[in-house]
Amino acid sequence: MELKTARLTVLVDPAKKKAFEALCARQDVTPSQVVRRLIRDYLVHHGVSFVPSGLDEDEEATVKR
């Protein structure tokens with residue numbers, strides 16, 4: 001799990017935003033959780049390695065993707 005965060009601003013159609021938020025609410029997840037999962041999956045799909053922010057060196061070695 002990431003310990004540090006950074007803001008990502010995304011502009012979307014208001015109707016899509018409303019539908020997205022409603023779906024997230026029905027699935028009992030926050031829009032931020034869904035976006036973070038989409039980003040992680042996209043990076044993995046494209047073979048991009050990353051280490052979540054805030055991990056120490058020992059944890060880093062076990063999380064390498």
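Heavy atoms from other residues, nucleotides or ligands lying under 6.0 Å from CG of D28 number 12 at most. Within a 6.0 Å sphere centred on NE2 of H46, other residues, nucleotides and ligands contribute more than 12 heavy atoms.
When all heavy atoms of P31 and C24 are compared, the pair lying nearest together is CA-SG, 3.8 Å.
To the nearest 0.5 Å, atom NZ of residue K18 and atom CG of residue D13 are 12.0 Å apart.
With sequence neighbours excluded, the residues that form a salt bridge (Lys or Arg N to Asp or Glu O under 4.0 Å) with K17 are E21. Residues meeting the side-chain hydrogen bond (donor to acceptor under 3.5 Å, both in side chains) test with S32, sequence neighbours left out: none.
In the hydrophobic clustering of ILVMFWY residues, with side-chain heavy atoms under 4.5 Å counting as a link, I39 and F50 come out together. Under the 4.5 Å side-chain heavy-atom criterion for Ile, Leu, Val, Met, Phe, Trp and Tyr, L38 and V12 are members of the same hydrophobic cluster. Each of V34 and L11 belongs to its own hydrophobic cluster when Ile, Leu, Val, Met, Phe, Trp and Tyr are linked at side-chain heavy-atom distances under 4.5 angstrom.
Judged by distance alone, the side chain of Q33 and the main-chain N or O of T30 form a donor-acceptor pair under 3.5 Å.
Looking only at side-chain heavy atoms (C-beta outward), L23 and R26 come within less than 4.5 Å of each other. Here the side chains of Y42 and V48 are not in contact, with every heavy-atom distance at 4.5 Å or above.
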